[in-house]
Amino acid sequence: MVLQTILFPSRDSAPDTELFFRGVSDLPCDVERIELKKGQTLSLESYFNSFSIGKWMTYTVLDNLSLELSFEGDAQIRGYVSVGRKDDNIMEVRSEEEMYAAIHAEKKPCPITVERTSAGAVVRFGLLPEEGICFVELTAEEDCVFLGGAYGTDVKEDTLRPVELALGICTFQREKEVRRNVGLILDRLIECSESCLYHHAQVFISDNGQTLETDEFHNDRVHIFPNVNAGGAGGFTRTMIESVYRSGENFTHIILMDDDIELYPPVIERTYRLLQMMKDKWARAVVGGAMLELVKRYQQFESGASFLGINLVSYNHGWDLRRAEVIAANEVKNPINYTGWWYCCIPTENIRELGLPLPQFIHYDDIEYGVRNAKYGTILMNGLCVWHPYGLNKQAVSMNYYDIRNVMIAMAGSPSPCTKIQALVRFLGTIWTETLRYRYNSAECFFLGIEDYYKGPEHFMQIEPVSNHKRIAANNDVYEDPVGIDLSLVENRTIEERPPHCVVWGALCWLLPPLGKDRYIGLRDTGVPFFSKRLYFYDENRKKGFWMERNYKIFFRYIGRTLRDSLMILQNHDRMAERYRRMKPEYTSLAFWEKYLHID
């Protein structure tokens, strides 16, 4: 049975040769043919074409592994295993140089047997390594042409787990992206007789913008449901409801995917094979995909994360997946307890047992649900990924509302709940920093988030998501073209570049008249304005900005509001967290969600 085919650079994935092969460069896209000169070595030590043997041995019943290679000419084949390691201080590094200095890999020979065939060779791995990645290297003994291959295993079909996939997509007015991804799924997977997913998957689309025709794809395996705009939480939950509870089908898993990802169809095939061979112990584990960046398509944004109390830790951020030591170290297990819904495979049995997600509109819905499922395990490995934009909406100040409100709700009753001191420190730090930077609308959203949380779970359950979001989004910045602005003056100070005690100095400067000139700073600048009267905030992604001005009236009003809300946190936090914990089963129930989404 084929577990993983050898992939080549393509327009569906990435043009970067070193994501697929080492020893060659600048391969053309969509050409499954590599010419090798005598003495040249082609290595499969890559993100997509090495085999994650350590993960497969841990999570599956795999007990034998082969690699069937197709090539013309004669080549010497050697097997290798590479085991990665990260220094303990890697989460503390401040530069790219320090980061890569903390990443290591040990590459050593792996015993193999090679059987020559008319098409090339069949490589059989001997004693299977318990950790790391394995791969082969081919050295041409004459001019050769490499044509591909596949990793496989000898296994009886009747011993495989039955797997039927629902693919859940939440969309809001992104018709072009949805058509692209669903078109790939149909052409390359569901309707392709050569795919292991042929007639083993169906697509469920929650159309929050109600801009798609319900028969858009003219295919009975694609189901489109016009949905109220209840955000990502409401959209993904709608796909769960329709596939798990209302379809009449026996889906074993649902893969949640954002509408604006760039999907690579072989990723779903690899996920499917992994699920078929899962050990009983890991049968209910969540399988996630890493998020790779759209611009630098070889750069990883995140490969799993952990959420404890009120603190988020993202793993393997910014790693260049073309580097050999990174590929091996990327397989090192991290203490993750969730993975993002840009690509997240959840057993439907978990949904039936644990309930549906929280009705949080956007932000932290995937985190809370991941933490809820964490007891069954979360699996990530090389080659399972999507490309996804780091959305502009994440920079909207309205996200501050969802950041604080949703994280407090999410962690109430969790194994690592947020304490009153953590909540107070987060509240004071954000309000103080945003106010000193003249970001009053951002601070306002944070105030509203805290205050809505402490109104209790009964209030939360009665919120109408669309009108509430309009209320919050009214605080978003209004961007304009930088007419007359010298962009060379824009400052983007990092934490290390801030002067000592800058927050204290910034507060003291509020007591003095604004004497300085206008200042121009990047949206993520970490400094404070000191004596400036006006600030121009410039967003490099939008190529636009906006002005903010010092306002004493707002400043002093916020001082009083901060004191009042701080007292509210100290007096009510523990009691409120317990109320949310007790009511969570109610607002994650099917009955609640059907009413919330107006499903008949």
Side-chain angles (χ1 to χ4, degrees), residues 1-10 13 19-24 27 30-36 40-57 60-82 109-129 132-142 144-157 159-160 188-189 192-198 264-274 276-277 381-384:
M1 183 179 76
V2 172
L3 300 177
Q4 177 178 312
T5 57
I6 300 302
L7 302 175
F8 290 76
S10 76
S13 56
L19 285 176
F20 301 88
F21 303 100
R22 309 189 76 78
V24 292
L27 294 177
D30 301 310
V31 177
E32 297 186 358
R33 175 187 178 92
I34 301 175
E35 296 184 359
L36 301 174
Q40 187 176 4
T41 296
L42 177 71
S43 175
L44 301 186
E45 185 183 13
S46 66
Y47 180 72
F48 282 112
N49 287 330
S50 62
F51 190 83
S52 300
I53 187 63
K55 298 285 181 70
W56 274 85
M57 292 296 287
T60 76
V61 295
L62 180 75
D63 60 6
N64 66 88
L65 180 67
S66 61
L67 172 58
E68 186 172 337
L69 297 172
S70 177
F71 57 89
E72 298 171 354
D74 193 15
Q76 185 179 46
I77 303 172
R78 298 183 179 89
Y80 293 93
V81 60
S82 182
C110 177
I112 60 172
T113 59
V114 179
E115 176 187 346
R116 301 290 174 170
T117 67
S118 59
V122 174
V123 177
R124 301 190 186 280
F125 292 84
L127 182 64
L128 298 182
I133 59 174
C134 62
F135 54 93
V136 301
E137 293 181 352
L138 293 82
T139 301
E141 297 193 330
E142 60 184 9
C144 290
V145 178
F146 178 77
L147 300 171
Y151 294 94
T153 187
D154 295 324
V155 62
K156 294 181 179 179
E157 290 286 335
T159 64
L160 297 176
R188 301 275 294 276
L189 302 175
C192 177
S193 60
E194 297 180 358
S195 172
C196 59
L197 277 169
Y198 180 61
Y264 194 26
V267 170
I268 304 181
E269 291 180 312
R270 293 183 177 190
T271 304
Y272 181 80
R273 288 305 193 199
L274 180 69
Q276 283 186 303
M277 295 193 65
M381 63 176 61
N382 286 341
L384 299 185

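- Residue pairs meeting the salt bridge (Lys or Arg N to Asp or Glu O under 4.0 Å) criterion with at least one partner in residues 61-72, sequence neighbours excluded, do not occur; the list is empty.
- Between F125 and the choices P111, S66, C134, the side chain to side chain contact (heavy atoms under 4.5 Å, CB included) rule is met once, by C134.
- Annotation: side-chain contact (heavy atoms from CB on, under 4.5 Å) contacts of S52 (sequence neighbours excluded): K55, W56, E331, M381, N382.
- Atom CD in E115 sits 12.0 Å away from atom CG in L69 (nearest 0.5 Å).
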side-chain contact (heavy atoms from CB on, under 4.5 Å) between R33 and L147, worked out
CA-CA 5 Å; R33 175 187 178 92; L147 300 171; 4.2 Å; yes
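- Residues satisfying the side-chain contact (heavy atoms from CB on, under 4.5 Å) test with P266, not counting sequence neighbours, are L7, R188, Y264, E269.
- Taking V61 as the reference, M277, K279 meet the side-chain contact (heavy atoms from CB on, under 4.5 Å) condition, with sequence neighbours excluded.
- In this structure, I133 CD1 and I53 CD1 are separated by 11.0 Å, a value rounded to the nearest 0.5 Å.
- Note: F146 and F21 have perpendicular aromatic rings, judged against thresholds of 30 and 60 degrees for the angle between ring planes.
- Going from atom CG of N64 over to atom CZ of R124 covers 8.0 Å, rounded to the nearest 0.5 Å.
- No side-chain donor-acceptor contact under 3.5 Å links D74 to the backbone of E142.
- A donor-acceptor pair is defined here as one N or O able to donate and one able to accept, closer than 3.5 Å; no such pair exists between the side chain of R78 and the backbone of I112.
- No donor-acceptor distance shorter than 3.5 angstrom exists from the side chain of T153 to the backbone of V155, with no hydrogens or angles considered.
- Panel note: side chain Q4, backbone S50; a donor-acceptor pair is recorded below 3.5 Å.
- With Y151 contributing its side chain and N49 its backbone, the two residues share a donor-acceptor pair below 3.5 Å.
- Without hydrogens or angle criteria, R273 side chain to V2 main chain gives a donor-acceptor distance under 3.5 Å.
- The ring pair (Phe, Tyr, Trp, His ring centres under 6.0 Å) check on Y272 picks up H200, with sequence neighbours excluded.
- For E157, the side-chain contact (heavy atoms from CB on, under 4.5 Å) partners at least two apart in sequence or on another chain are M1, L160.
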